[in-house]
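Residue numbers start from 1 in every chain, and the chains themselves are labelled A, B, ... in the order their sequence lines are given, proteins ahead of strands.
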Amino acid sequence: MSLIAPKTPPGVMELLPRQQVAFQGMLDTIRRGYERFGFLPVETPVFETTDVLLTKSGGETEKQVYFVQSTGALQQNRRPELALRFDLTVPLARYVAEHERDLVFPFRRYQMQRVYRGERAQKSRYREFYQCDIDVIGKDTLPVAFDAEMPAVIAHVFNELKVGGFAINLNNRKLLLGLLATVGVTLPERQALVLRELDKLDKVGRDAVAATLSSEEARLLDLLGEAGSTDEVLGRLRQLGSDQPQVREGLQELTQVVEGLRAFGVSEQNFRLNLTIARGLDYYTGTVYETFLDACPGLGSVCSGGRYDNLASHYTKSKLPGVGISIGATRLFSQLVDAGLIDGAGRSTSQILVTQLDPALTADYFAIATTLRAAGLNTEVHLEPAKIGKQMKYADRAGIPLVLVMGDQEKARGAVTLKHLASGNQREVSLATVADAARSMLEAG
RNA sequence: GCGACGGUAGCUCAGUUUGGUAGAGCCCUCGGUUGUGGUCCGAGUGGUCGUGGGUUCGAGUCCCAUCCGUCGCCCCA
């Protein structure tokens with residue numbers, strides 16, 4: 001019988017158990033951070049009906065959607081009625097429109113689930129990946145203060161994740177569109193093109209971008225691309241003295257966001273104004289965010305989002321403005337592991353392995369394990385008889401930090417031997433105090 | 001969808017120039033060590049050389065086709 005090659009489909013992240021522990025730890029940290037700011041959990045199905053999912057899509061999005069179809073429907077040649085979500089924001093819009101009467105506004109929700117994009121896999125571009133979103137949806141109105149809270153939450157989470165240096169880049173699309181209008185760019189298609197080119201500024205350089213633009217557009221490019229501190233950039237924008245309404249409004253919002261961030265106590269190191277980021281052109285209408293890690297300069301954003309004034313407009317007549325931001329957890333994890341900022345090989349969930357040295361003492365081993373578990377320690381018994389060296393090797397490879405050994409010598413003394421594998425420390429302790437001893441050896445490392 | 005590069009052991013790769021018995025390191029298993037993992041030493045398992053066809057006495061190696069993968073473009077976390 002011929003074997004089928006065991007192979008994960010391209011563009012997915014599949015982890016070994018110890019890596020999975022490390023990844024779960026990261027998700028736990030993000031979840032704790034989101035809850036610390038009072039966001040509520042929501043989950044939605046991985047698939048939506050195609051009419052819900054594709055309302056918003058331009059041609060690009062639709063090309064990346066995976067359709068879901070039953071075998072029966074396939075055989076009847078019917079068009080798929082379901083498709084996999086490609087982000088969590090569109091499902092959120094549907095969710096809010098559908099459950100509007102049962103929700104409390106402003107509605108603060110977090111959602112950490114997998115999304116799917118049918119594009120060609122590349123480095124740190126996955127076809128299945130986790131997004132960890134927070135969004136706030138207002139009823140009729142949503143003050144700009146919420147735009148400032150988003151990056152404050154992210155700064156808190158990234159500091160908890162210990163990712164090293166990071167910078168949340170801030171911009172405002174009203175400001176950008178207003179400035180474009182002042183140089184005569186008012187056609188949506190042209191605006192989109194200029195913004196897309198602007199977005200590439202860091203990547204391909206000023207001259208390459210300017211070559212695709214008119215001279216007036218290029219002058220604007222130089223204004224937007226000029227570096228400087230937060231206050232310098234704001235000052236420069238004010239000096240323009242533009243009375244173009246979108247420019248005034250955008251500048252005022254951006255100023256409020258900066259003031260809010262400072263009031264929240266976010267370090268100046270962790271945010272900056274960057275007038276060249278434009279974000280996806282679909283639904284953002286005001287503030288936009290993109291976050292970059294100092295440790296991974298060449299790689300893209302690991303966390304981005306923005307303000308949208310009319311997201312749910314396809315599903316309801318209610319006005320439901322929102323602002324949200326999303327951590328790309330799969331990409332973030334793989335980058336942090338590559339950069340050595342987190343240990344990709346986590347510990348086992350077992351804290352202690354009770355070995356079987358003497359088959360006659362099996363009942364004692366089980367009883368000791370029960371005692372340790374009752375004391376709150378994750379405990380595993382090596383149920384398969386084997387040489388003690390092999391049992392230790394098992395603990396070492398599985399990432400179990402502590403090993404318990406008891407032979408008839410120890411038993412006669414009412415004691416057990418505990419060995420901490422990483423340090424090699426080994427102690428004989430009284431059976432009566434084994435849980436406390438184990439705990440202190442785990443803490444000592 | 002477009003472009004570049006690449007497919008040889010579970011993994012990383014050498015071998016291709018000049019056709020001549022399929023290799024190394026790591027991993028894994030066992031042993032050295034009958035109460036001690038990780039280090040060290042020894043042995044062993046593991047391959048239709050991506051697939052199909054062609055040239056040849058003989059193809060991992062040369063020719064043609066094809067599939068798949070990686071990276072980049074577009075777009076995006």
Side-chain angles (χ1 to χ4, degrees), chain A residues 2-3 5-11 13 16 30 57-65 85-89 112-133 154 192-193 195-197 199-200 203-204 208 277-282 284 288-293 296 298-306 324-335 345 353 355-358 361 382 386-411 416-426 428:
Chain A
S2 71
L3 299 173
K7 218 168 164 15
T8 52
M13 180 177 79
L16 295 170
I30 295 171
S57 75
E60 278 304 322
T61 328
E62 187 152 2
K63 274 194 289 184
Q64 298 193 346
V65 166
R85 61 181 171 210
F86 49 84
D87 69 12
L88 300 179
T89 309
M112 303 170 44
Q113 292 190 277
R114 289 193 259 214
V115 303
Y116 299 84
R117 292 190 191 170
E119 59 186 341
R120 302 204 47 144
Q122 282 174 51
K123 186 151 187 73
S124 56
R125 316 227 1 222
Y126 295 89
R127 300 200 300 178
E128 175 188 74
F129 59 96
Y130 273 88
Q131 286 196 327
C132 304
D133 280 37
I154 294 305
L193 184 145
L195 290 187
R196 219 182 306 121
E197 291 301 320
D199 220 23
K200 291 188 209 162
K203 202 165 172 183
V204 302
I277 64 163
R279 300 282 310 129
L281 307 152
D282 347 24
Y284 296 113
V288 289
Y289 318 100
E290 295 229 7
T291 310
F292 302 97
L293 299 180
C296 315
L299 291 153
S301 173
V302 291
C303 173
S304 45
I325 194 162
S326 173
I327 297 176
T330 303
R331 165 184 286 187
L332 180 63
F333 180 75
S334 69
Q335 286 184 17
L353 177 73
T355 60
Q356 294 212 67
L357 185 61
D358 183 348
L361 301 179
H382 198 286
K387 297 204 310 192
I388 191 69
K390 196 171 173 187
Q391 297 187 51
M392 292 219 168
K393 183 171 184 163
Y394 168 80
D396 187 45
R397 295 198 52 209
I400 303 171
L402 210 57
V403 170
L404 182 150
V405 182
M406 183 184 76
D408 45 9
Q409 300 155 34
E410 282 106 337
K411 178 168 167 140
V416 301
T417 297
L418 290 176
K419 176 164 182 170
H420 187 264
L421 292 183
S423 64
N425 290 338
Q426 185 168 324
E428 185 171 305

Inset, instruction - Using a heavy-atom cut-off of under 4.0 Å over every strand shown, decide if Ser326(A) touches base, sugar-phosphate, or nothing. - result: nothing

Legend entry - Residue list, side-chain hydrogen bond (donor to acceptor under 3.5 Å, both in side chains) with Arg85(A), at least two apart or on another chain: Thr44(A), Gln113(A)

Legend entry - Quiz item: Arg125(A) side-chain donor-acceptor pair to rA77(B) base, under 3.5 Å: no

Inset, instruction - Quote, to the nearest angstrom, the P distance that separates rC11(B) from rU51(B). - result: 15 Å

Inset, instruction - Using the P atom as the reference point in each nucleotide, state the distance between rC71(B) and rC13(B) in Å, no decimals. - result: 13 Å

Inset, instruction - For each nucleotide in nucleotides 33-38 of chain B, reading 5' to 3', give B when a protein heavy atom comes within less than 4.0 Å of its base, S when such contact involves only the sugar-phosphate, and - otherwise. - result: --BBBS

Inset, instruction - Determine, step by step, whether Glu410(A) and Thr417(A) satisfy the side-chain hydrogen bond (donor to acceptor under 3.5 Å, both in side chains) criterion, reporting the C-alpha distance in whole Å, the side-chain angles of both residues, the deciding distance to 0.1 Å, and the verdict. - result: CA-CA 8 Å; Glu410(A) 282 106 337; Thr417(A) 297; 2.6 Å; yes

Inset, instruction - Could you walk me through whether Ile400(A) and Tyr394(A) pass the side chain to side chain contact (heavy atoms under 4.5 Å, CB included) test, one step at a time? - result: CA-CA 8 Å; Ile400(A) 303 171; Tyr394(A) 168 80; 4.1 Å; yes

Legend entry - Sugar-phosphate only, base, or nothing, as touched by Tyr130(A) at under 4.0 Å among non-hydrogen atoms: nothing

Legend entry - For rG10(B), the Watson-Crick or wobble counterpart (both distances under 3.5 Å): rC26(B)

Legend entry - Strand partner of rU55(B), provided both Watson-Crick or wobble distances fall under 3.5 Å: none

Legend entry - Opposite nucleotide pairing with rC71(B), Watson-Crick or G-U, both atom distances under 3.5 Å: rG3(B)

Legend entry - Rounded distance in Å between the P positions of rU39(B) and rC2(B): 49 Å

